[in-house]
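Side chains are part of it too, since the values below use all heavy atoms of this structure and drop only hydrogens, waters and symmetry mates.
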Amino acid sequence: MGVEQGPVLELRSLVKRYGKVPALDGLDLTVNAGQVYGFLGRNGAGKSSTLRIVMGVTAADSGSVSLFGKPVKQSFVAARQRLGYVAQEQHFYDWMTSEQLGSFVGALYPSWDEGYFRSLLQRFDVPSRKVRTLSGGMRVKLALALALGHRPALLTLDEPTAGLDAVARREFLEIVREQSVRGEHTTLFSSHLIDEVELVASHVGIIEAGRMLYEGPPQALAARMRRLTLPIQAPLPACLEVTAPTTESAVRIIQDRVLGQERELMLWATGPAVFELLALQELQGRLERPSLEDSFIALVRARAGLGSMVAGMATGMPTSIMPDIDAGLERM
């Protein structure tokens with residue numbers, strides 16, 4: 001069974017507060033059919049609050065949630081039955097076996113496929129014994145089999161590898177990647193661990209302080225960023241000091257810090273071809289493409305105002321960097 005077409009999940013201007021503390025501050029997010037969407041953010045950025053709203057555990061203060069093209073308020077029960085969910089912590093009836101637990105959960109879903117569920121247990125090497133005897137890694141794989149047993153259109157994973165050792169974590173990620181290759185569902189994978197998202201995701205959304213910083217393919221993010229490392233006494237290259245006449249050829253410094261005897265700049269361009277236009281012969285240092293983790297950290301630091309930033313650099317920033325970053329940088 002293939003995935004449907006178009007957006008599977010759309011969040012618009014989502015706001016959620018706990019007392020006076022804002023968890024989500026106008027969050028926009030779009031997950032399209034067939035994607036493995038890596039939802040990235042550090043602890044406290046708003047990932048879990050977002051997923052709780054999507055799953056109906058809590059309600060947003062304002063904004064809209066659409067699942068499968070329909071507002072959730074109009075079709076939540078029907079939409080919820082098309083979601084699969086693996087939480088950060090698994091809570092089972094420990095006295096049940098894996099198969100008994102499947103029969104119990106399956107009664108809640110009209111689309112439950114018992115034969116498929118049992119084949120998943122076998123494929124994931126989940127043994128047929130009481131849940132209390134299973135290791136942490138086995139319990140997470142059991143949770144995944146339960147989430148997939150009714151063949152959901154959207155599989156939602158909320159930091160599922162938390163607490164797993166390196167071997168169990170990698171095994172789980174390989175299973176998720178295998179499932180995505182089969183193309184039977186769309187996946188929303190929340191994590192603060194960049195390396196595991198990078199292993200499985202076709203698209204990423206980077207959230208900080210309840211707002212989206214970047215949404216798109218991870219390769220596109222890396223293509224638009226460079227790390228420039230200069231000797232500490234070297235002058236800033238003229239190609240970075242002069243604003244280009246059009247935003248299509250603009251480069252901005254989003255992080256500027258000193259590391260020992262070197263100065264490290266993280267650069268953002270409005271398009272990947274821009275870096276080809278830099279006068280590389282002027283550089284007295286190294287220009288490198290950063291990893292997804294380095295790009296993630298630079299964007300989060302820029303949004304949070306951490307580190308030494310270059311003032312007045314926000315004009316001409318691309319639309320995929322949220323306007324609140326522009327405003328924040330202009331105040332520095």
A.B. asks: ring-ring contact (aromatic ring centres under 6.0 Å, His included): which pairs involve residues 117-137, sequence neighbours left out?
C.D. replies: Trp112-Phe117
A.B. asks: Could you go through the side-chain contact (heavy atoms from CB on, under 4.5 Å) check for Ile254 and Leu299 one step at a time?
C.D. replies: CA-CA 7 Å; Ile254 65 169; Leu299 288 179; 3.8 Å; yes
A.B. asks: Once rounded to the nearest 0.5 Å, what's the spacing between atom CG of Asp256 and atom CE of Met266?
C.D. replies: 12.0 Å
A.B. asks: More than 12 heavy atoms of other residues, nucleotides or ligands under 6.0 Å from OH of Tyr93: is that the case?
C.D. replies: no
A.B. asks: At what distance, to the nearest 0.5 angstrom, does CG of Leu83 lie from CG of Leu155?
C.D. replies: 9.5 Å
A.B. asks: Consider only side-chain N and O atoms of Ser128 and Glu99, and report whether a donor and an acceptor are under 3.5 Å apart.
C.D. replies: yes
A.B. asks: With no hydrogens and no angle check, is any side-chain donor or acceptor of Glu262 less than 3.5 Å from a backbone partner on Leu259?
C.D. replies: no
A.B. asks: Working to the nearest 0.5 Å, report the span between CD1 of Ile53 and NZ of Lys16.
C.D. replies: 6.0 Å
A.B. asks: Tell me, do Ser48 and Asp158 make a side-chain contact under 4.5 Å, heavy atoms counted?
C.D. replies: yes
A.B. asks: To the nearest 0.5 Å, tell me how far Ser295 OG sits from Arg289 CZ.
C.D. replies: 9.5 Å
A.B. asks: So does Gly34 get a backbone contact from the side chain of Thr186, meaning a donor-acceptor N/O pair under 3.5 Å?
C.D. replies: yes
A.B. asks: Under 4.5 Å between any side-chain heavy atoms of Leu221 and Pro218, yes or no?
C.D. replies: no
A.B. asks: Can you tell me how far the CG atom of Asp28 sits from the CD atom of Glu215, to the nearest 0.5 Å?
C.D. replies: 8.0 Å
A.B. asks: Flag the pair Glu208 / Arg42 as yes when at least one side-chain heavy-atom distance between them is below 4.5 Å, and no otherwise.
C.D. replies: yes
A.B. asks: Could you state whether Val36 and Leu193 fall into the same hydrophobic cluster, counting links through intermediate Ile, Leu, Val, Met, Phe, Trp or Tyr residues with side-chain heavy atoms under 4.5 angstrom apart?
C.D. replies: no
A.B. asks: Find out whether Asp94 and Arg139 are in side-chain contact, i.e. whether some heavy atom of one side chain is under 4.5 Å from a heavy atom of the other.
C.D. replies: yes
A.B. asks: Test Tyr37 against every option in Leu9, Val31, Thr30, Val8 by the side chain to side chain contact (heavy atoms under 4.5 Å, CB included) rule and name the one that passes.
C.D. replies: Val31
A.B. asks: Applying side-chain contact (heavy atoms from CB on, under 4.5 Å) to Thr133 and Met138, what does each step give before you reach the verdict?
C.D. replies: CA-CA 9 Å; Thr133 68; Met138 288 295 180; over 6 Å; no
A.B. asks: Taking the six-membered ring of Phe68, is the NZ or CZ of Arg82 close enough (under 6.0 Å from the centre) and on axis enough (within 45°)?
C.D. replies: yes
A.B. asks: Is there side-chain contact between His150 and Leu108, with heavy atoms separated by less than 4.5 Å?
C.D. replies: no
A.B. asks: Flag yes if more than 12 heavy atoms outside Arg17 fall under 6.0 Å of its CZ atom; otherwise flag no.
C.D. replies: no
A.B. asks: More than 12 non-hydrogen atoms from neighbouring residues, nucleotides or ligands closer than 6.0 Å to CD on Gln122, yes or no?
C.D. replies: no
A.B. asks: Within a reach of under 6.0 Å around CZ of Arg123, are more than 12 heavy atoms found that belong to other residues, nucleotides or ligands?
C.D. replies: yes
A.B. asks: Find out whether Glu196 and Phe189 are in side-chain contact, i.e. whether some heavy atom of one side chain is under 4.5 Å from a heavy atom of the other.
C.D. replies: yes
A.B. asks: Rounded to the nearest 0.5 Å, how far apart are OH of Tyr214 and CE of Met225?
C.D. replies: 10.5 Å
A.B. asks: Between Pro290 and Ala222, which heavy-atom pair has the shortest distance, and what is it?
C.D. replies: O-CB, 4.2 Å
A.B. asks: As a quick check of understanding, evaluate side-chain contact (heavy atoms from CB on, under 4.5 Å) for Leu134 and Ser98, giving each step before the final call.
C.D. replies: CA-CA 10 Å; Leu134 300 180; Ser98 304; 4.1 Å; yes
A.B. asks: With the side chain counted from C-beta on, respond yes when Asp294 and Arg227 share a heavy-atom pair under 4.5 Å apart, and no when they do not.
C.D. replies: yes
A.B. asks: Can you tell if the side chain of Arg12 reaches within under 4.5 Å of the side chain of Glu10, non-hydrogen atoms only?
C.D. replies: yes
A.B. asks: Keeping the roles fixed (side chain from Arg226, backbone from Ala223), state whether a donor-acceptor pair exists under 3.5 Å.
C.D. replies: yes
